[in-house]
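Report on the structure given below.
No hydrogens, no waters, no symmetry mates; every other heavy atom, side chains included, goes into these values.
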Amino acid sequence: MPKTKKSIVFCHGIWADGSCFNKVIPTLQAEGYEVMSAQYGLDTNESDVATVKRTLGRISSPAILVGHSYGGSVITAAGTDDRVAGLVYIAALAPDAGETSQSQISQFPTTDVFSHIEVADGRIWMLPEGVACFAGDLSEQEQKVVWATHFAPAADLFTKNVAGTAWKSKPSWYIVATSDRTVQPELQRFVAKRMGATIYEVDSSHVPMLSNPKLVTDVIRAAANA
């Protein structure tokens, strides 16, 4: 009997890794979805996109790509792959052709989190007090774990993007985090409207997959069943 369920590939943002989706993965697995969370190095957009395409080779097609934050830039390029059926953006960037992650962010007021960073050894580190701007609606203990596991991107990661604008040709869903202090909610609404996404809004920090996992799971399920 042919496999009908779509697969799901998660793509994380900066200051995170694939484990940031650990509250939604078990539910989807229990429902029979094949799930992988791409683990890339945040060194260059090119190498991150290449990792996602390798991950697509390890699961059954067609797949739904789920991108959080900078992961939106990753799925925008990787999503042009024929194995991808749809895109889910979570408080994410979604550059158009000719835009970079940085140029998109620069069109909106700088968010609070960028007052709590330090560049060292060519990477951008989040200072401990910055986690409140990133995941402020989690418990103090959870925020400490988010900070302890935060993964620093290359300082120039946002300055160059791989070609490809998947949201122009693939159906998309977008979760706007209305209390986000890392990616401007206005930016989120702008890109969601521009791509013609099915839009959901949630009163959340930058990490709705941790603070509102049920909603995020519901949106991914809707995309997979579309």
Residues forming a side chain to side chain donor-acceptor pair (under 3.5 Å) with K144, sequence neighbours excluded = none
query = Restricting to pairs with a member in residues 115-139, which pass salt bridge (Lys or Arg N to Asp or Glu O under 4.0 Å), not counting sequence neighbours?
reply = D43-R123
message = Working note: C133 + H116, criterion side-chain contact (heavy atoms from CB on, under 4.5 Å); need CA distance, chi angles, decisive distance, verdict.
response = CA-CA 9 Å; C133 306; H116 306 286; 3.7 Å; yes
inquiry  = Tell me whether K6 contacts the main-chain N or O of A224 through its side chain, where contact means a donor paired with an acceptor under 3.5 Å.
reply    = yes
remark   = In short, A78 meets V84 closest at the heavy-atom pair O-CG2, 4.1 Å
query = Roughly how far, to the nearest 0.5 Å, is CG of L187 from OG1 of T182?
reply = 12.0 Å
key: Partner set under side chain to side chain donor-acceptor pair (under 3.5 Å) for E46, not counting sequence neighbours   = none
Donor + acceptor pair across side chains of S211, S204 (<3.5 Å) = yes
ask   = For the side chain of T100 and the backbone of S103, is there at least one donor-acceptor N/O pair under 3.5 Å apart?
value = yes
Gap between atom CD1 of I117 and atom CE of M126 - 0.5 Å precision = 10.0 Å
Pairing residues for W147 by the ring pair (Phe, Tyr, Trp, His ring centres under 6.0 Å) criterion, not counting sequence neighbours = H150
query = If you look at every heavy atom in L210 and V146, which pair is closest and at what distance?
reply = CD1-CG2, 4.0 Å
query = Is it the case that Y70 and D48 place a side-chain donor and acceptor less than 3.5 Å from each other?
reply = yes
Nearest-0.5 Å distance, OG of residue S37 to CD1 of residue I25 = 4.5 Å
key: SB check R221 E31 (cutoff 4.0 Å)   = yes
request  = Please name all residues satisfying side chain to side chain donor-acceptor pair (under 3.5 Å) with S115, sequence neighbours left out, ordered by chain then number.
outcome  = none
Atom pairs and distances, donor-acceptor, side-chain atoms in residues 85-93, under 3.5 Å, two or more places apart:
from : atom 1 : to  : atom 2 : distance (Å)
Y89  : OH     : T76 : OG1    : 2.8

query = To the nearest 0.5 Å, what is the distance between CD1 (I175) and OG1 (T198)?
reply = 11.5 Å
message = Can you give me the closest heavy-atom contact between E34 and S7, atom names plus distance?
response = OE1-OG, 3.1 Å
ask   = Around R58, counting heavy atoms of other residues, nucleotides and ligands shown, do more than 12 lie under 6.0 Å from its CZ?
value = no
ask   = Thinking salt bridges, do R189 and E201 make one under a 4.0 Å N-O criterion?
value = yes
query = Which residue pairs pass the salt bridge (Lys or Arg N to Asp or Glu O under 4.0 Å) test when at least one of the two sits in residues 164-182, sequence neighbours left out?
reply = D96-K168, D112-R181
query = Any idea which heavy atoms bring A38 and T55 closest together, and the distance?
reply = CB-OG1, 3.8 Å
ask   = Can you list the residues that meet the side-chain contact (heavy atoms from CB on, under 4.5 Å) rule with Q107, with sequence neighbours excluded?
value = E99
task = Following the transitive rule for hydrophobic clusters with a side-chain heavy-atom cut-off under 4.5 Å over Ile, Leu, Val, Met, Phe, Trp and Tyr, establish whether V207 and W125 coincide in one cluster.
result = no
inquiry  = Would you compute the distance between atom OG of S60 and atom CZ of R83 and round it to the nearest 0.5 angstrom?
reply    = 11.5 Å
task = Indicate the atoms forming the closest heavy-atom contact of Q39 with S19, along with that distance.
result = NE2-N, 4.4 Å
key: Residue list, side-chain contact (heavy atoms from CB on, under 4.5 Å) with S179, at least two apart or on another chain   = D203
Cut-off 3.5 Å, no hydrogens considered: what does the side-chain donor-acceptor table look like for residues 151-161, sequence neighbours left out?
from : atom 1 : to   : atom 2 : distance (Å)
T159 : OG1    : D156 : O      : 2.7

remark   = Residues pairing under ring pair (Phe, Tyr, Trp, His ring centres under 6.0 Å) where one sits in residues 194-226, two or more places apart or in two chains, turn out to be H68-H206, F134-H206
remark   = dist R194:CZ -> Y174:OH (nearest 0.5 Å) comes out at 10.5 Å
Side chain to side chain donor-acceptor pair (under 3.5 Å) partners of D82, counting only residues at least two apart = none
